[in-house]
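Notes follow once the structure below has been shown.
The model shown is predicted, which means the values in this text are computed figures rather than measured ones. Remember, it's 1-based here, ligands and their atoms both numbered in the order they're listed.
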Amino acid sequence: MCIGSFLNVVIWRVPLGKSIVSPPSACPGCGKEIEPQDNIPVLSYLILKGKCRNCSMSISVKYPVTELITGILFAFAALQTGYSLAFVNYAVLIALMVVVVRTDLEQFIILDEVSIGGTVAGILLALLPGGLDILTSLVTAVAGASFFLLIRAGASIYLKKKNIRTEAPEGFEDEEDEFQGGMGWGDIKLAACIGAFLGPASTVIAFFAAFILGAISGGAMMAFGGKKRNTPIPFGPFMAAGAVLALFFGEPLWNAYMNLLG
Ligand SMILES: [Zn+2]
């Protein structure tokens with residue numbers, strides 16, 4: 001949960017180009033520095049009933065939820081890996097995916113620090129004994145990004161032909177081209193990162209899950225949320241969910257699928 005608390009800082013500051021180490025966290029309402037006893041993950045939020053101690057400005061529930069989800073996923077990771085180096089892989093990928101979900105949902109941003117930095121981290125972590133080898137990690141990263149690049153290229157051509165233009169979300173009007181093609185460049189770079197961590201079989205599961213989750217959610221949002229077909233929906237959160245699912249259940253799901261094919 002402490003790592004989740006740190007991720008909250010990353011999610012808030014890195015897109016603004018601010019340092020993640022200084023100054024210490026302060027209330028955005030009154031600017032008062034947050035005291036250590038008010039900075040305990042989840043617990044402080046509950047004790048303060050979601051309000052700043054100084055000015056009573058309400059604190060978003062996103063912060064404790066991020067801390068709790070990070071803590072729960074880390075606990076599951078520890079259960080699955082035990083005391084082994086594999087835990088490092090799990091923890092790093094989970095942390096990266098938590099950041100993707102938040103930044104992409106809130107700002108249509110997948111940070112390069114996460115996608116490109118994550119790809120490098122995934123390849124380097126393949127040097128640890130017990131997991132993927134470095135070549136497999138590298139090749140899956142390239143393959144993952146290539147696959148998403150193909151989707152973007154194909155979708156752009158198709159949408160242009162059909163004369164469908166996606167509306168850029170508010171605040172992104174000058175980057176309208178980025179939203180033409182189904183997948184953004186951030187998604188393509190994120191695909192490399194997921195590939196680098198998971199290797200071929202689990203990456204297939206992760207992408208498959210992402211597309212299913214995306215299709216279900218997109219359909220539901222159009223049916224019940226009043227979303228139009230040309231309203232962009234960030235795809236990063238689905239990729240992140242698929243990656244975490246594949247991290248925990250990739251191997252059994254892959255084997256089940258292979259058995260199904262006989
Ligand atoms: Zn305050």
Side-chain angles (χ1 to χ4, degrees), residues 1-78 90-118 121 168-175 178-179 184 186 190 193 217 221 225-227 231-241 243-244:
M1 290 199 292
C2 288
I3 301 283
S5 182
F6 168 71
L7 297 179
N8 277 326
V9 177
V10 170
I11 292 157
W12 170 249
R13 292 188 184 181
V14 176
L16 298 171
K18 290 184 181 170
S19 160
I20 50 172
V21 284
S22 72
S25 297
C27 166
C30 61
K32 189 169 190 318
E33 206 176 286
I34 295 163
E35 303 286 338
Q37 70 269 25
D38 291 341
N39 212 359
I40 304 160
V42 184
L43 213 59
S44 289
Y45 181 88
L46 296 175
I47 292 168
L48 295 168
K49 299 197 180 70
K51 288 188 176 101
C52 170
R53 187 186 287 280
N54 190 41
C55 71
S56 297
M57 190 180 100
S58 67
I59 304 162
S60 169
V61 74
K62 285 182 289 194
Y63 296 103
V65 167
T66 299
E67 291 160 354
L68 192 63
I69 287 176
T70 307
I72 290 171
L73 290 174
F74 272 37
F76 278 125
Y90 273 63
V92 174
L93 183 61
I94 289 166
L96 292 168
M97 294 305 109
V98 167
V99 175
V100 166
V101 171
R102 288 275 313 275
T103 59
D104 206 14
L105 274 183
E106 290 163 26
Q107 315 180 47
F108 282 96
I109 288 172
I110 297 174
L111 295 163
D112 281 347
E113 287 85 345
V114 169
S115 58
I116 298 176
E170 239 181 272
F172 289 89
E173 289 81 0
D174 51 338
E175 291 170 53
E178 161 73 6
F179 294 91
L190 180 60
C193 169
S217 312
M221 278 184 246
K227 287 251 185 196
T231 317
I233 296 166
F235 194 60
F238 301 115
M239 294 175 72
V244 171

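Interatomic distance, S60 OG to Y45 OH, rounded to the nearest 0.5 Å: 6.5 Å. In this structure, CD1 on I40 lies 9.0 Å from CG on L48, to the nearest 0.5 angstrom.
Sorted by chain and number, the protein atoms of type N, O or S within less than 2.8 Å of the Zn ion (ligand 1) are C27 SG, C30 SG, C52 SG, C55 SG.
For residues 91-112, the set of pairs meeting the side-chain hydrogen bond (donor to acceptor under 3.5 Å, both in side chains) definition, not counting sequence neighbours, comprises N8-R102, T66-R102, R102-E106, D112-K189.
P237 and V100 get closest at one heavy-atom pair: N-CG1, 4.4 Å.
Screening L93, V99, I94 for a side chain to side chain contact (heavy atoms under 4.5 Å, CB included) with M97, the sole residue that qualifies is L93.
Considering only heavy atoms from C-beta on, C193 stays 4.5 Å or farther from V114 through its side chain.
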